[in-house]
J.: 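Have a look at this one.
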Amino acid sequence: MIRLSRLQPTRISLILILTILLPLLNACSNLQRPGEGNPPSETDPLQSTITLTPFQPVFDVQTITPGSQVTDDPAAAATLTEPVSTPEPTPLPSDPTNSVWINPFLPPGLKNQITLPPALSPVEKPENAALRLSVGEEQPFAQWIYALVAPYPTITDQVSQRDLKQSWQGSPSGPFAGKPLLVDENTHGVLSAWWGEPAPSAVQIIPTGELVEKAWADRPSWGIVPFESLEPGWKVLAINNQSPLRQNFTPENYALTVPFTLQGDSQLIEQLQANSIFPTTNRDPGLLTSVAITGVTALVRATAFTMHRNGINYPARDIGEVLRSADITHISNEIPFTADCPFPNPVQESLRFCSRPEYIELLENVGTDIVELTGDHFGDWGPDAMRYTLGMYEERDWLYYGGGYDRKDARKARLVEHNGNRIAFIGCNGKGGGYATASDNHPGAVACDFPWIEQEIAGLVAEGFQVIATFQHFEYYTYFPQPDQVRDFRALAQAGAAVVSGSQAHQPQGMEFHKNAFIHYGLGNLFFDQYHFCTDYACDDGFIDMHVFYDGEYIGNELLTIVFEDYARPRLMTPEEREVLLNKVFSASGWQ
């Protein structure tokens, strides 16, 4: 298992906090006691989210029923059989030297991480507080990242900062002109404090748990949510090319980075910040992992011939940087390497394939980390070639799965731990038979045994892994997934996989969300020579799915669209080309 260190949030004990604060704060007699001041209420988020350690009075009698009177006279005490109401105590005035005001609209993800020491009491009005926690640039202590989102099957990829601000102010422009921004009450409060109150028609406040459902029902639609509230049903829209899903994200250049300020007693602020009482962000790059999942790679025939003519790394000329940018890059290489592989024939008629050993330079160039071996052609050149190929991967410290030295090896899930995200890769060949040659003593791709793989996925999920399950399934030259695909892919989603992806398709296919999993039935080719081969040139197009995990959870993906320029080299699509493909695939997914 690959293990990289995870950043751990700093915690501080109450004893340490008290030690720091006692010289600065008044005696405990100034603290509010239970029943003093305003009681907690459902409408007061400040009091409902922060609990003070109560004062514990000491009595000289054995047991007192709450509400009863206390007396030193045994005879009188014997007559007190009914509880007597106690008059309400007079509230003590707020003491600004030991109090804090927290803006009630701060995001729950921030408020829930604040651990106030018992010596600090919350107050309802900022003017009565020694410390004030709110939105603002002066003395900022945190940057909170929000995401501009739309329902997943949205064609638009980004908006300008100008369009977003003008829409908030009531002068709508851009692709969502005339559609209100969907926000919950906390986000509305934060952005109103930061940008000013929105125009009456610019925003629609929706309960937090209903935002995704509302957005999907009212498509086209858009909204704003805190980064920690992202989930796979959202598409994150970039703002001026900045997206919090990407590794190259720069908070300082992003329109939805909101600063929070801590103002008041400077010495007290210094002590609290030195001991990490307050979180500084909701998006820590040290907790984020991106995984690039790709379609068919087969370095044979015209693809291999073009590589000899234009250079081994020619196919990666336009997309290599994209693949290398992922923390984990997956390649589904169907073809074995062998030293006796003949020079490629671009018009080869037989479907028995091999790759020359030098071609592995291309896989090195794109930053390969893990190789899927579920493909139909892994066994084409016999057991020695498969063992030779596995040795080449091991020499480069690449993981492999879905195939191996024998059935036991091929069935193993490969486990990766990166930035605290525990991710498991598992896969199989759905055709079986001669396509899946792994046995007790023979290498190859492993056949799908659904009771086995479903049990494996469920066990991995129980151990805290986010599972990426991939298939070599039957190839259908359709955008619509076929019934046997739907049955088998959904089975792995129901077992608990976060992502189920088809590595077999030579043209893009539809996708869906099922049991909280993202299913993509087919991504199309990555490196293969079916240029202009399919009806309507469907095999010229493909996807690279950039999946994102954060703090142990799958939070969504970004669909990268590619188109082939020739028999070997794909490039990223233009916006116009991308719109055409997404419309086809979203329609095939039943989303339009």
Side-chain angles (χ1 to χ4, degrees), residues 292 294-324 329-373 375-396 398 400 403 445 472 475 503-507 523-534 537 539-542 544 562-573:
T294 62
V296 175
T297 287
L299 307 181
V300 298
R301 273 187 332 210
T303 299
F305 183 82
T306 304
M307 291 166 65
H308 277 279
R309 186 177 62 186
N310 295 341
I312 296 296
N313 293 319
Y314 171 76
R317 191 182 78 180
D318 297 324
I319 64 168
E321 184 176 352
V322 170
L323 293 172
R324 289 188 295 272
T329 299
H330 156 281
I331 297 292
S332 179
N333 185 28
E334 294 201 24
I335 312 302
F337 293 98
T338 180
D340 58 356
C341 185
F343 192 83
N345 176 4
V347 293
Q348 175 184 333
E349 293 185 1
S350 81
L351 297 180
R352 182 171 178 257
F353 294 137
C354 65
S355 290
R356 293 164 72 93
E358 59 265 31
Y359 299 171
I360 202 167
E361 181 184 338
L362 174 63
L363 304 188
E364 293 173 330
N365 179 272
V366 299
T368 300
D369 296 294
I370 187 163
V371 182
E372 179 182 346
L373 297 175
D376 293 346
H377 297 280
F378 184 44
D380 279 4
W381 223 253
D384 289 341
M386 287 188 280
R387 295 188 186 100
Y388 178 80
T389 301
L390 293 170
M392 293 181 73
Y393 296 153
E394 290 174 327
E395 288 173 5
R396 291 159 176 80
W398 295 349
Y400 61 84
Q472 178 75 200
E475 291 98 340
S503 303
Q504 79 292 329
H506 296 297
Q507 75 162 76
L523 277 65
N525 296 320
L526 179 69
F527 300 126
F528 192 35
D529 66 355
Q530 290 183 311
Y531 179 64
H532 285 8
F533 172 75
C534 303
Y537 299 156
C539 293
D540 289 8
D541 300 337
I544 299 170
I562 57 176
V563 60
F564 277 82
E565 284 287 289
D566 54 28
Y567 291 104
R569 178 171 62 87
R571 60 165 172 80
L572 293 176
M573 285 183 168

J.: Would you check if the side chain of Thr368 reaches a backbone N or O of Glu364 as a donor-acceptor pair within less than 3.5 Å?
T.: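 It does not hold such a pair.
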J.: Checking His377 side chain against Leu351 main chain: does a donor-acceptor pair fall under 3.5 Å?
T.: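 It does hold such a pair.
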J.: If the plane angle is over 60° it's perpendicular, under 30° parallel, otherwise tilted; pick one for His532 and Tyr537.
T.: parallel
J.: Ignoring hydrogens and geometry, is there a side-chain-to-backbone donor-acceptor pair from Arg571 to Asp318 under 3.5 Å?
T.: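 No.
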J.: Quiz question: by atom type and distance under 3.5 Å, do the side chains of Tyr400 and Asn333 form a donor-acceptor pair?
T.: no
J.: In terms of side-chain heavy atoms, does Glu372 have a donor or acceptor partner in Ser503 at a distance below 3.5 Å?
T.: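 Note: Glu372 and Ser503 side chains meet the donor-acceptor criterion.
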J.: For Glu394, check salt bridge (charged side-chain N to carboxylate O under 4.0 Å, His left out) against everything at least two apart and list the hits.
T.: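 Scan of Glu394 (salt bridge (charged side-chain N to carboxylate O under 4.0 Å, His left out), adjacent residues dropped) gives none.
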J.: Backbone N or O of Tyr567 within a donor-acceptor pair of the Thr303 side chain at under 3.5 Å?
T.: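 Looks like yes, one N/O pair under 3.5 Å.
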J.: Going by heavy atoms in the side chains, are Asn525 and Phe564 under 4.5 Å from each other?
T.: yes
J.: Is it true that, when you exclude Glu321 itself, more than 12 heavy atoms of the residues, nucleotides or ligands shown sit nearer than 6.0 Å to its CD?
T.: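 Atom CD in Glu321 is not packed in, count stays at 12 or less.
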J.: Looking only at side-chain N and O atoms, does Glu334 offer a donor or acceptor that is under 3.5 Å from a partner on Ser332?
T.: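 The answer is no; no qualifying pair exists.
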J.: Examine the side chains of Tyr314 and His308 and answer whether a donor and an acceptor come within less than 3.5 Å of each other.
T.: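 No, no side-chain donor-acceptor pair sits under 3.5 Å.
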J.: Between Asn345 and Val347 (side chain of the first, backbone of the second, donor and acceptor by atom type, cut-off under 3.5 Å), is there such a pair?
T.: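 Checked: pair present.
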J.: Compute whether any side-chain donor of one residue and acceptor of the other, for Asn313 and Glu361, lie under 3.5 angstrom apart.
T.: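 There is such a pair (donor and acceptor under 3.5 Å, judged by atom type) between the side chains of Asn313 and Glu361.
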J.: Does any N or O in the side chain of Thr329 come within less than 3.5 Å of the main-chain N or O of Leu323, such that one atom is a donor and the other an acceptor?
T.: yes
J.: Between Phe305 and Phe343, how do the two ring planes meet: parallel, tilted or perpendicular, split at 30° and 60°?
T.: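 Taking Phe343 first and then Phe305, their aromatic rings stand perpendicular (interplane angle over 60°).
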J.: Any sub-3.5 Å donor-acceptor pair from Arg324's side-chain atoms to Asn365's backbone N or O?
T.: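 Yes, because the side chain of Arg324 sits within donor-acceptor range (under 3.5 Å) of the backbone of Asn365.
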